[in-house]
A.B. asks: 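Pasting in a structure now, in structure tokens, and then I'll have a few things to ask.
Note that the structure is predicted; figures quoted are calculated from it, not measured.
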Amino acid sequence: MSEHHEYLIRDRADAELALARVELAHRQEELLAALTAGGPAPAGFDPGQLRVQAAGLLAKRRETVGHLMPELPDLLGADFAPLFARYAAGRPLTGGYRADARAFAEWALDSGPAADWHPALRRLLRPAASRWSRLLPHRDRAAKAHP
């Protein structure tokens, strides 16, 4: 038990309650890891049922990201679901769904440089850079023009 909890303990009942709370928090962390990060099933839970629930939570997270950035499912097409599953593995949702959608898009951009959808996704995420790249001469063209 940490020092943080020690100031709450006045008698044996308080100590037992504090220990029960710490144990409950630990079990909740195990369950959350099993549901969102592919962790093992905690004792007393059906692993098959946890896999079903984890798949449902992943689908909800993916659909919410697709709702917040509808361009992603459109641009990525059939790659959207498998890419999102790879992205979400080991990356629990933190910072909210909007931040998750942006982080996934950035991750997809980095993970698929040769994909057909890569240029469109880059333009979506970095519109100013795309505009400037069209306005400024490319180095290879400029080098050929000025030998």
Side-chain angles (χ1 to χ4, degrees), residues 1-10 13-142:
M1 189 173 345
S2 70
E3 291 178 17
H4 173 72
H5 299 302
E6 289 179 8
Y7 76 93
L8 297 173
I9 300 172
R10 291 182 295 272
D14 285 347
E16 290 173 2
L17 181 59
L19 286 172
R21 286 182 175 157
V22 169
E23 177 62 23
L24 177 60
H26 178 69
R27 301 248 317 140
Q28 288 174 332
E29 288 174 5
E30 288 177 333
L31 180 59
L32 186 61
L35 289 171
T36 62
F45 287 91
D46 177 15
Q49 186 61 36
L50 284 178
R51 281 191 298 274
V52 169
Q53 294 298 323
L57 289 172
L58 176 64
K60 178 184 179 200
R61 183 177 171 189
R62 182 182 64 239
E63 289 171 10
T64 303
V65 164
H67 176 74
L68 291 171
M69 288 186 82
E71 302 90 345
L72 291 176
D74 292 342
L75 287 175
L76 301 177
D79 291 339
F80 179 65
L83 277 172
F84 192 83
R86 282 185 27 223
Y87 160 78
R91 285 184 183 84
L93 176 62
T94 58
Y97 282 109
R98 291 188 192 287
D100 195 35
R102 182 67 185 205
F104 167 63
E106 292 285 350
W107 178 89
L109 188 65
D110 292 340
S111 70
D116 295 340
W117 43 259
H118 190 270
L121 184 57
R122 187 178 61 245
R123 284 190 300 276
L124 173 70
L125 295 176
R126 300 186 180 100
S130 296
R131 277 196 306 276
W132 282 110
S133 69
R134 286 192 308 264
L135 296 174
L136 297 174
H138 291 285
R139 288 186 181 195
D140 58 335
R141 279 193 262 160

A.B. asks: Taking all non-hydrogen atoms of both residues, which atom of Pro73 and which atom of Gly66 are closest, and how far apart?
C.D. replies: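 Result for this residue pair: CG-CA, 3.8 Å.
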
A.B. asks: For a 4.5 angstrom cut-off between non-hydrogen side-chain atoms, does Leu31 reach Gln53?
C.D. replies: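 Not in contact.
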
A.B. asks: With side chains defined as the heavy atoms from C-beta onward, is the minimum distance between Arg61 and Leu57 less than 4.5 Å?
C.D. replies: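 In short, these two side chains do not touch, never coming nearer than 4.5 Å.
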
A.B. asks: I'd like to check Pro82 versus Arg86 (side-chain heavy atoms, cut-off strictly below 4.5 Å). Are they in contact?
C.D. replies: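 SC-SC contact between Pro82 and Arg86 ruled out.
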
A.B. asks: If you round to the nearest 0.5 Å, how far is CD of Gln28 from CZ of Arg21?
C.D. replies: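 One gets 12.0 Å once the value is rounded to the nearest 0.5 Å.
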
A.B. asks: Do Glu63 and His67 have side chains that get closer than 4.5 Å, going by heavy atoms?
C.D. replies: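 Not touching, per the 4.5 Å side-chain cut-off.
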
A.B. asks: Given the rule in the ring pair (Phe, Tyr, Trp, His ring centres under 6.0 Å) test, do Tyr87 and Phe80 qualify, once you have shown the distances and angles that lead to the verdict?
C.D. replies: CA-CA 10 Å; Tyr87 160 78; Phe80 179 65; over 10 Å; no

A.B. asks: Between Glu16 and Leu19, is there a side-chain heavy-atom distance shorter than 4.5 Å?
C.D. replies: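 They are not in side-chain contact.
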
A.B. asks: Looking at Asp100, Thr36, Val65, Thr64, which one forms a side chain to side chain contact (heavy atoms under 4.5 Å, CB included) with Leu93?
C.D. replies: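 Testing Leu93 for a side chain to side chain contact (heavy atoms under 4.5 Å, CB included) against Asp100, Thr36, Val65, Thr64 leaves exactly one candidate, Asp100.
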
A.B. asks: Out of curiosity, Glu29 CD to Leu24 CG, how far, rounded to the nearest 0.5 Å?
C.D. replies: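 One finds 10.0 Å between CD of Glu29 and CG of Leu24.
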
A.B. asks: If we only count heavy atoms from C-beta on, is the Arg62 to Phe104 side-chain gap below 4.5 Å?
C.D. replies: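 SC-SC contact between Arg62 and Phe104 ruled out.
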
A.B. asks: Could you pull out the closest heavy-atom pair between Ala34 and Ala41, with the gap in Å?
C.D. replies: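 Heavy atoms only, the tightest pair is CB-CA, 4.3 Å.
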
A.B. asks: Specify the closest pair of heavy atoms between Trp117 and Leu75, including all atoms of both residues, with the distance to one decimal.
C.D. replies: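 Nearest pair, atom of Trp117 first, then Leu75: CB-O, 3.2 Å.
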
A.B. asks: Quick one: closest heavy-atom pair of Trp107 and Leu83, and the distance?
C.D. replies: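 For Trp107 and Leu83, the tightest heavy-atom pair comes out as CZ3-O, 3.3 Å.
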
A.B. asks: How many angstroms lie between atom CG of Leu125 and atom CD of Glu71, to the nearest 0.5 angstrom?
C.D. replies: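 That separation rounds to 9.5 Å.
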
A.B. asks: Output the distance between atom CZ (Phe84) and atom CG (Leu76), rounded to the nearest 0.5 Å.
C.D. replies: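 Rounded to the nearest 0.5 Å, the CZ-CG separation comes to 11.5 Å.
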
A.B. asks: For Arg27 versus Pro42, what's the shortest heavy-atom pair and its separation?
C.D. replies: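 Nearest pair, atom of Arg27 first, then Pro42: NH1-CB, 4.2 Å.
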
A.B. asks: Quiz question: by atom type and distance under 3.5 Å, do the side chains of His26 and Glu30 form a donor-acceptor pair?
C.D. replies: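 Judged by distance alone, the side chains do pair up.
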
A.B. asks: Quick one: are Arg102 and Leu68 in side-chain contact, heavy atoms under 4.5 Å?
C.D. replies: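 Contact flag for Arg102/Leu68 side chains = no.
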
A.B. asks: If you take all heavy atoms of Leu109 and Leu121, which pair is closest and at what distance?
C.D. replies: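 Leu109 and Leu121 have their closest heavy atoms at N-CD2, 3.7 Å.
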
A.B. asks: Should the heavy atoms of other residues, nucleotides or ligands under 6.0 Å from CG of Asp116 be counted, would the total exceed 12?
C.D. replies: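 At most 12 heavy atoms, drawn from other residues, nucleotides or ligands, come within 6.0 Å of this atom.
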
A.B. asks: Can you tell me if Arg98 has over 12 outside heavy atoms packed within less than 6.0 Å of its CZ?
C.D. replies: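 Count not over threshold, so no.
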
